[in-house]
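Working notes for the structure below.
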Amino acid sequence: MRVERYNFATVEPKWRKIWEDARIFEAGATFDGDGRNIGGASEKPKYYVLEMFPYPSGRIHMGHVRNYSMGDVIARFMRAKGADVLHPMGWDAFGLPAENAAMQGKRHPAEWTYANIAAMRAQLKSLGLSLDWSREIATCDPAYYGRQQQLFLDFLRAGIVDRKQSKVNWDPVDHTVLANEQVIDGRGWRSGALVEQRDLTQWFFKIANYSEDLLKGLETLERWPDKVRLMQHNWIGRSEGLLVRFEMAESSGEVEVFTTRPDTLFGAKFLAIAADHPLAHSVAEKNPALKAFIDECHHMGTSVAAIETAEKKGFDTDLKVRHPFDENWLLPVYVANFVLMDYGAGAIFGCPAHDQRDLDFSNRYGLGATPVVCPEGAEPASLVVTDAAFEGEGRLINSGFLDGLTVAQAKEAVAARLEKTDLFGAPQGKRKVNYKLRDWGVSRQRYWGCPIPIIHCEACGAVPAPSSDLPVTLPEDVTFDQPGNPLDRHPTWKHVPCPQCGKPARRETDTMDTFVDSSWYYARFTDPHNAQEPAAREAMRRWLPVDQYIGGIEHAILHLLYSRFFARAMRDSGHGELAEPFSGLFTQGMVVHETYKGPEGWVSPSEIRIETNDKSRRAFMIDDGAEVVIGPIEKMSKSKKNTVDPDDIIASYGADTARLFVLSDSPPDRDVIWSDEGAQGAWRFVQRLWRLTGEAGRVAAPMGAPVPAQFGEAARKLRQATHRAIAQVTENIERLRFNSAIARIREFANELTAALDEVTEEGVAADLAFVFREAAESLILLVAPMTPHVAEECWADLGHEDLAARAPWPVADPTLVAQELISLPVQVNGKKRAEILVPHDADEEAVRAEALAQEGVQRALEGRPVKKFILVPKRIVNVVV
RNA sequence: GCGGACGUGGCGAAACCGGUAGACGCAAGGGACUUAAAAUCCCUCGGCCAUUGGCUGUGCGGGUUCGAGUCCCGCCGUCCGCACCA
């Protein structure tokens with residue numbers, strides 16, 4: 001046995017330096033005779049693996065370690081498989097936290113951000129990720145956001161940008177717009193003031209125009225998780241319905257509503273309009289009570305969750321509208337807090353019997369409910385709707401000319417009739433495909449973002465900044481000691497002459513949503529230093545789409561939808577060719593940890609020790625021995641103090657151990673629980689790899705030894721184990737089942753250990769020696785994507801002078817993977833009674849004879865005749881009696 | 001409210017198209033080595049009964065099937081997202 005321990009502290013930095021000097025992780029790498037990367041074009045197939053780039057918060061967390069370890073496994077695996085791999089890294093560097101830090105710590109956002117980037121870059125480098133650092137980008141770099149401004153202007157020219165009013169959360173004390181998460185119980189998080197909804201004129205990307213295309217495109221994304229596609233599908237929210245215009249009873253006006261259930265029109269009890277509906281505003285002018293109600297709605301917050309979870313409330317306007325099919329039937333018009341102005345027509349008709357929300361509303365205001373759809377087989381007279389609306393299928397009742405029709409037929413009949421009915425010179429009904437997807441408001445009243453390159457001129461309006469002005473850079477001399485946007489109150493920055501008429505004009509002081517920054521960075525990585533355009537067409541053609549994108553499920557909708565939109569918008573404004581930027585997507589789970597609570601509050605894992613025996617598991621403070629309560633396992637967060645610092649882990653166990661642990665134990669799309677015991681388990685395996693290679697190396701054949709003509713029993717067994725492990729680990733990595741790949745590698749290590757235990761003092765024969773080398777080298781290459789440093793050290797220890805990081809992936813010999821004898825379980829009436837060993841090509845008769853001869857089978861048969869004999873080849877035998 | 005996901009030993013999990021439930025690891029218990037400890041190695045490890053062996057078991061209740069963790073119907077529980085956090 002090898003005496004010296006594997007010393008990660010010296011070994012890991014050594015290999016990182018060697019990799020870096022050899023520049024082997026740069027995309028498009030080709031090498032000269034000395035193994036130096038001389039760059040240039042590559043004949044290899046391309047593979048682009050991308051992990052969502054981090055926000056530079058200052059420290060990486062275990063979630064980053066997991067995310068980037070997964071991407072690195074794929075990058076190293078694909079490189080070994082012979083691909084030219086692009087695996088870049090950058091920084092999502094604009095955003096609110098930098099401004100908050102500036103307000104608190106008096107540090108300039110740029111200084112704070114770049115310091116954080118430097119710290120996090122060093123941390124990421126210590127993980128040994130095979131990243132192409134020559135392509136590093138930061139979105140707060142003018143070189144990056146200048147090209148983004150170019151995109152904005154080209155989108156504007158292509159008609160993809162719009163300027164219109166929309167609602168924001170306004171904090172009247174801080175004079176600032178609040179994010180939804182900054183609104184807590186209707187109040188600003190910092191000021192505590194009641195938040196108002198305000199109309200602001202803002203810039204929009206017309207993503208809604210792409211609704212149908214974005215929906216259709218989902219079908220082509222076969223390597224995306226179904227759940228993400230479903231979430232986007234629902235988010236786009238296509239619905240086919242009818243716009244219906246209702247005539248007002250006491251005036252010549254009308255109210256238009258959108259409905260997906262025109263079939264239930266005879267069950268209508270009321271109309272409800274949004275608080276911001278023009279009609280609501282006009283009534284409110286003469287009705288202070290309604291004005292108060294509308295104001296109340298404005299304090300609800302702008303998020304859908306806030307609106308829909310609020311108690312359903314309405315206000316009777318006293319206006320009445322005529323039912324489209326009966327001019328004497330008048331319906332009341334309410335202003336309701338749950339109707340959204342942005343969706344459909346900003347007005348609905350309520351059918352309480354067949355819509356739960358309408359029913360809740362109706363019950364509150366005593367508006368009644370008449371059932372008009374009768375479920376198949378139910379007695380119409382027996383239908384009474386009290387607390388539960390019936391939203392299912394059935395046939396129409398109480399509905400005049402619709403009676404007896406199915407829901408689908410009735411929808412069609414109503415649409416057909418209203419299209420032919422005239423109201424004020426136009427059809428009363430119009431079919432419409434409606435989408436929930438709204439245009440993307442990109443204006444932010446903040447400093448630390450990409451300036452919107454527009455100049456406002458009193459005479460010429462909103463004028464694009466000339467392209468020679470790009471990038472329009474942020475002024476550095478700003479302060480954060482007053483509320484509001486520093487750009488807006490900067491003394492000189494915004495004052496510029498109008499590019500068209502030359503008169504004094506002012507710059508747009510809003511910056512872009514940071515989602516814009518992250519919507520095209522994948523394309524920038526293909527040509528990160530281009531000063532003329534976002535990315536050269538040739539570079540995008542070489543690398544796009546991203547073959548495998550990896551990130552958190554929290555980005556399932558917005559970021560991924562915006563990026564898909566951006567690809568289309570770039571295409572339509574002359575900046576690319578493809579619609580779908582990510583052909584493969586994988587969403588990884590979080591890293592979670594136990595929580596500990598002492599008398600003084602939450603306690604960090606580093607402050608406690610755990611005592612376990614077969615009965616209990618208890619935690620105690622290290623300093624005073626006081627017992628603390630072990631709480632639930634939760635997402636790592638500073639507030640719960642249940643974080644583990646990757647730096648600490650790397651210092652005590654090394655990067656390989658950290659990488660191995662976050663990849664094993666749990667499937668990658670599920671959360672993984674970080675535990676010190678688990679980390680130690682991973683550490684033990686890293687040590688074991690080193691010992692095992694040493695032991696195998698002592699008995700292994702020299703490098704380049706010829707393949708023996710014959711293999712003995714022991715050699716053949718280990719050889720089969722080796723090739724089966726290669727086949728299964730390869731498949732598991734290809735399917736991104738890293739936990740299974742590692743389990744299989746460990747199993748193979750166990751098999752190799754068992755084979756080494758058989759070795760006696762006399763040494764081994766040439767055939768076995770050959771197989772020991774083959775097994776040890778395979779083991780190291782299989783584990784190298786997960787634990788690259790120890791693999792490199794073992795690889796050198798086995799006598800290799802070139803790098804494991806550059807070695808080709810081992811290939812399984814199919815003839816060695818196949819099993820000649822197969823173990824088949826034998827069931828009697830579905831219960832396992834015996835197990836038989838049969839040749840893989842045994843015919844049914846032979847299997848039947850063997851199965852029925854088993855003692856356990858005979859016992860279970862109890863002499864009864866066999867009714868049916870089921871043989872699933874290579875799987876199972878079931879005897880039915 | 002709307003939408004989505006998940007539920008298997010003490011714990012994390014595995015089980016490909018419906019075919020041996022619990023691979024691999026963690027924890028625990030027992031043993032070897034050691035003056036001792038660490039490290040390492042070996043054995044046991046879902047539950048109940050038992051002598052060979054049997055019964056039972058994948059959140060709960062039904063169903064389909066020769067056969068269900070897997071498919072269908074209905075519950076229960078937990079977690080996540082909801083458009084200005086990134």
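Throughout, protein chains are lettered first and strands after them, A, B, ... in sequence-line order, and every chain is numbered starting at 1.
At B:rU56, one or more side-chain N or O atoms of A:Lys831 fall inside 4.0 Å of OP1 or OP2 (strictly under the cut-off). For B:rG1, the OP1/OP2 oxygens have no side-chain nitrogen or oxygen of A:Arg357 closer than 4.0 Å.
For the pairing with A:Gln445, the side chain to side chain donor-acceptor pair (under 3.5 Å) check across A:Asn485, A:Thr511, A:Asp510 returns one residue only, A:Asp510. Partner of A:Tyr521 under the side-chain contact (heavy atoms from CB on, under 4.5 Å) criterion, chosen from A:Tyr144, A:Phe566, A:Trp91: A:Tyr144.
Of the candidates B:rC24, B:rA5, B:rA86, B:rA86 carries the atom nearest the A:His555 side chain, counting heavy atoms from C-beta on. Among the nucleotides B:rG25, B:rG54, B:rA86, the one closest to the side chain of A:Asn750 is B:rG25. Residue A:Arg746 places its side chain closer to B:rC24 than to any other of B:rA86, B:rC41, B:rC24.
We find that CD1 of A:Ile742 is positioned 12 Å from P of B:rG25, with the value rounded to whole Å. Straight-line distance from the CD atom of A:Glu594 to the C1' atom of B:rA27: 12 Å, rounded to whole Å. Protein atom CZ of A:Phe685 is 11 Å distant from nucleotide atom P of B:rC41, rounded to whole Å.
With ring centers used as reference points, A:Tyr145 lies under 6.0 Å from A:Phe94.
Salt bridge present: A:Asp513 and A:Arg444 bring a charged side-chain N and a carboxylate O closer than 4.0 Å. In summary, A:Arg691 and A:Glu695 do not engage in a salt bridge, as defined by a charged side-chain N under 4.0 Å from a carboxylate O.
One P atom belongs to B:rA50, the other to B:rG18, and the distance between them is 40 Å to the nearest Å. The C1' atoms of B:rA23 and B:rA15 are separated by 8 Å, rounded to the nearest whole Å. Taking atom C1' in both B:rU58 and B:rC11, one finds a spacing of 16 Å when rounded to whole Å.
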Could I get a table of every N or O pair under 3.5 Å where one atom is in the protein and the other is in nucleotides 42-51 of chain B?
none

* Asked: Can you give one letter per nucleotide of nucleotides 9-20 of chain B, 5' to 3': B if a protein heavy atom sits under 4.0 Å from the base, S if only from the sugar-phosphate, - if neither?
  -> ---BSSS---BB
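Side-chain atoms of A:Thr787 and A:Asp656 include no donor-acceptor pair closer than 3.5 Å.
Under the Watson-Crick or G-U wobble criterion, with both distances below 3.5 Å, B:rG3 is paired with B:rC80.
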